[in-house]
Chemist: 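Have a look at the structure that comes next, please.
We count residues from 1, following the sequence as given. All of these numbers come straight from a predicted model, not from anything done at the bench. Atoms within each ligand, like the ligands themselves, are counted from 1 in listed order.
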Amino acid sequence: MKDAIIIDNYIGGQWKPPANRERLESINPANKREVMGYVANSTDFELNEAVYAAETARLLWRKKTGAERGQLLVRTAELLESRLDEIGETMCREMGKTFAEARGETARGAAILRYYAGEGMRKIGDVIPSSDAEAFLFTTRVPLGVIGVISPWNFPVAIPIWKMAPALIYGNTVVWKPAVETAVTAAAVMQCFHDAGFPLGAVNMIVGSGAVVGNGMANHPGIHGITFTGSNSVGKQVGQAALARGAKYQLEMGGKNPIIIAGDADLDLAVDAVISGGLRSTGQKCTATSRVIVERSIYELFKTKLLEKVATLKVGNGMDPSVWLGPCANEKQLETVLRYIQKGKEEGAVLLYGGTQPEDSDLSDGFYITPAVFDRVESRMSIAQEEIFGPVLALIEARDFEDAITLANDTSYGLSASIYTKNIGNVLSFVQNMEAGLIRVNAETAGVELQAPFGGMKQSSSHSREQGQAAIEFFTSVKTVFIKP
Ligand SMILES: NC(=O)C1=CN([C@@H]2O[C@H](COP(=O)(O)OP(=O)(O)OC[C@H]3O[C@@H](n4cnc5c(N)ncnc54)[C@H](OP(=O)(O)O)[C@@H]3O)[C@@H](O)[C@H]2O)C=CC1
Ligand SMILES: O=C(O)CCC(=O)C(=O)O
């Protein structure tokens, strides 16, 4: 067990304790007796200070060239890369995903920083033929101002970086509120920005509860744009608060992502995709597979193959390299998963495998659960409609391919969807008819590429897109310029 550390706020280039000196605990979900950090329980006082610092820094920051801003992002990427093991271990111990996944996510954070460093050198406008022969008509883009970033605990490095890196490269300054759950990891990321030498106040971090600091950000008149990833209920509150005061907002929320296994699919590959997409990170991804829609002709065979493989997955502490599935990130999340497992049974689904807390006494102090596979799930059931955010797979039988698409669309969410098939007709029909922002063919539902747009349809997002060049749409305003000599 390592000593717990103290996590302060980062404001105007300095680490500062909260004025009230109050702390919240961040604990290790693999061993609830291990406190990872005592983290600031900040209030509006610190938030105001950070917004003031970001506002003060913004004129200087926007005057820098894209290349200058990009150099600082590259330096941050280098620092993150030099600390992959340290940050990966912190993440694994703070939120439970395996060390390999946590280290991989940290490397992904560095790749995102490098990508956006390059964006600083790319075009920000178009020349448009004017109806006046003497005039010069073009567009350019300007930063929004101060951006509020509210991030969740499930990707504590990649998500805040895919929000902060584009915000910064396009000339905005940032106030970041990470989830308390992963504030120790967040501080390690913030330290990389600090060590890279960003101007004072360009990036700030306030640690505190969502109800106080997050809500304060959504309502703060000094924050011009707010980007959020998390639950639907909180996302909608954030969006409404921003809208009410005329600020720009971007929400990335839940998913209930389907995978269709067509009758002609390669079943071994499909089983691997369901396991990886549904159970990695203990199912705690907004892109996780949760509905497995299988054509009747191969349903029983697929089920047998899936169960065989799920039974081999080792649950345990993510720092153990032989472990495949870490604990749920916190007690609330474990309770949610257990509640849905109970509900699934009550509503008539058949629990074929898992869904219980392991009996192993070594695991009794962690928020562990064995991966659950439900059979005979019907679309009306809660486990087929609501985001569980845990290692729970719901098998749904489809009469035929058309029925599979109808079932896949029978949800209020529309983030990610995938299909396994060899039939080009099925592929085209899926691409055309599936209501989701991310469509994946012969690949798992999770797996976001940093250079491509990412976001959902229906209730999964505010219909905006993050990542890749799509990010410029949120983090800048377009100016149309007409010049006549
Ligand atoms: N789309 C996704 O990737 C994610 C989806 N979820 C879904 O949400 C469920 C609950 O997880 P949870 O962590 O509670 O998600 P939340 O939506 O509560 O948390 C996401 C972020 O929002 C902050 N927040 C909480 N309340 C407010 C508020 N009133 N105003 C502004 N910000 C706020 C949180 O702060 P803090 O936690 O520090 O209080 C955190 O930083 C999960 O079971 C899952 O279904 C969760 C995480 C990510
Ligand atoms: O699948 C991924 O890599 C990203 C998932 C994600 O954005 C999320 O869970 O919030």
Side-chain angles (χ1 to χ4, degrees), residues 7 24 26 39-42 47 95 97 101 104-105 108-109 112 148-163 176-183 186 205-220 223 226-242 249 251-257 276-278 280-290 328-337 339-340 386-390 392 413 415-416 418 437-438 440 443-450 452 454-456 459-461 465-467:
I7 300 298
L24 300 166
S26 173
V39 313
N41 187 14
S42 308
L47 176 61
M95 60 73 68
K97 71 172 69 171
E101 286 180 272
E105 183 189 330
R108 177 176 168 187
I112 296 168
V149 171
I150 303 180
S151 59
W153 43 260
N154 65 333
F155 282 90
V157 171
I159 291 180
I161 288 181
W162 84 47
K163 294 175 183 297
W176 171 28
K177 193 216 96 61
V180 164
E181 196 67 51
T182 45
M205 181 181 84
I206 300 295
V207 180
S209 80
V212 176
V213 179
N215 184 49
M217 279 171 76
N219 286 289
H220 203 295
I223 292 185
I226 190 141
T227 170
F228 168 91
T229 298
S231 63
N232 275 59
S233 53
V234 173
K236 282 182 179 154
Q237 285 174 41
V238 168
Q240 276 164 358
Y249 63 92
L251 314 172
E252 205 275 289
M253 302 176 288
K256 193 69 196 169
N257 311 296
S276 180
R280 276 202 194 279
S281 285
T282 319
Q284 299 166 130
K285 295 184 189 180
C286 59
T287 49
T289 309
S290 59
C328 295
N330 55 54
E331 193 158 19
K332 188 175 127 209
Q333 207 54 49
L334 172 64
E335 282 165 3
T336 302
V337 176
R339 202 171 55 245
Y340 273 109
E386 294 166 24
E387 185 175 49
I388 301 174
F389 232 54
V392 182
Y413 293 105
L415 187 56
S416 167
S418 92
L438 195 63
R440 315 237 318 147
E444 65 179 75
T445 57
V448 168
E449 301 224 21
L450 63 96
F454 172 57
Q459 298 292 313
S460 288
S461 88
R465 293 291 179 266
E466 298 189 272
Q467 304 205 62

Chemist: Which ligand 1 atoms are under 4.0 Å away from a heavy-atom of V180?
Modeler: 38 (O)
Chemist: Would you indicate whether the side-chain heavy atoms of K236 and Q459 approach each other to under 4.5 Å?
Modeler: yes
Chemist: For ligand 1, does V238 get within less than 4.0 Å through its side chain, its backbone, both, or neither, judged by non-hydrogen atoms?
Modeler: side chain
Chemist: Where's the contact between E181 and ligand 1, heavy-atom distance under 4.0 Å: side chain, backbone, both or neither?
Modeler: neither
Chemist: For ligand 1, is any non-hydrogen atom under 4.0 Å from F228's backbone (N, CA, C, O), its side chain (CB onward), both, or neither?
Modeler: side chain
Chemist: What is the ring orientation for F454 with W162, classed by angle as parallel under 30°, tilted 30 to 60°, or perpendicular over 60°?
Modeler: perpendicular
Chemist: Which atoms of ligand 1 are found less than 4.0 Å from any heavy atom of Q237?
Modeler: 29 (N)
Chemist: Applying side chain to side chain donor-acceptor pair (under 3.5 Å), name anything that partners T182, two or more places apart in sequence or on another chain.
Modeler: none
Chemist: Could you tell me the residue and atom name of the protein heavy atom closest to atom 1 (N) of ligand 1, and the distance to it rounded to 0.1 Å?
Modeler: M253 O, 2.8 Å
Chemist: Check whether S26 reaches the backbone of E181 with its side chain - one donor and one acceptor, N or O, closer than 3.5 Å.
Modeler: yes
Chemist: Taking the non-hydrogen atoms of A218, is any one of them nearer than 4.0 angstrom to ligand 1?
Modeler: no
Chemist: For ligand 1, which atoms sit closer than 4.0 Å to a heavy atom of T229?
Modeler: 1 (N), 2 (C), 3 (O), 20 (C)
Chemist: Tell me which protein heavy atom sits closest to atom 32 (N) of ligand 1, plus the residue, atom name and distance to 0.1 Å.
Modeler: G214 CA, 3.6 Å
Chemist: Verify the distance criterion only: is there a donor paired with an acceptor across the side chains of T445 and T289 at less than 3.5 Å?
Modeler: yes
Chemist: Are R280 and E444 ion-paired here, with the side-chain N under 4.0 Å from a carboxylate O?
Modeler: no
Chemist: For atom 48 (C) of ligand 1, which protein heavy atom lies nearest, and how many Å away is it?
Modeler: P152 CB, 3.4 Å
Chemist: Among all protein heavy atoms in this structure, tell me which lies nearest to atom 14 (O) of ligand 1, with the distance rounded to 0.1 Å.
Modeler: K332 NZ, 3.0 Å
Chemist: Note the single closest protein heavy atom to atom 40 (C) of ligand 1, along with its residue, its atom name and the distance in Å.
Modeler: S151 O, 3.5 Å
Chemist: Write out the residue and atom name of the closest protein heavy atom to atom 46 (C) of ligand 1, then the distance separating them to 0.1 Å.
Modeler: F389 CE2, 3.7 Å
Chemist: List every atom of ligand 1 that sits less than 4.0 Å from any heavy atom of A179, numbering the atoms from 1 in the order shown and giving each element.
Modeler: 38 (O), 41 (O)
Chemist: Where is the nearest protein heavy atom to atom 45 (O) of ligand 1: which residue, which atom, and how far?
Modeler: E387 OE1, 2.8 Å
Chemist: Heavy atoms of the protein only: does one fall short of 4.0 Å from atom 19 (O) of ligand 1?
Modeler: no
Chemist: Tabulation required: pairs of a nitrogen or oxygen in ligand 2 and a protein nitrogen or oxygen under 3.5 Å; columns are atom names and distance to 0.1 Å; otherwise 'none'.
Modeler:
unit_1   : atom_1 : unit_2 : atom_2 : d
ligand 2 : 1 (O)  : T287   : OG1    : 2.6
ligand 2 : 3 (O)  : R108   : NH1    : 3.0
ligand 2 : 3 (O)  : R108   : NH2    : 2.9
ligand 2 : 9 (O)  : N154   : ND2    : 2.8
ligand 2 : 9 (O)  : C286   : N      : 2.6

Chemist: Quick one: look up the protein heavy atom nearest atom 3 (O) of ligand 1 and list residue, atom name and how far away it is.
Modeler: N154 ND2, 3.3 Å
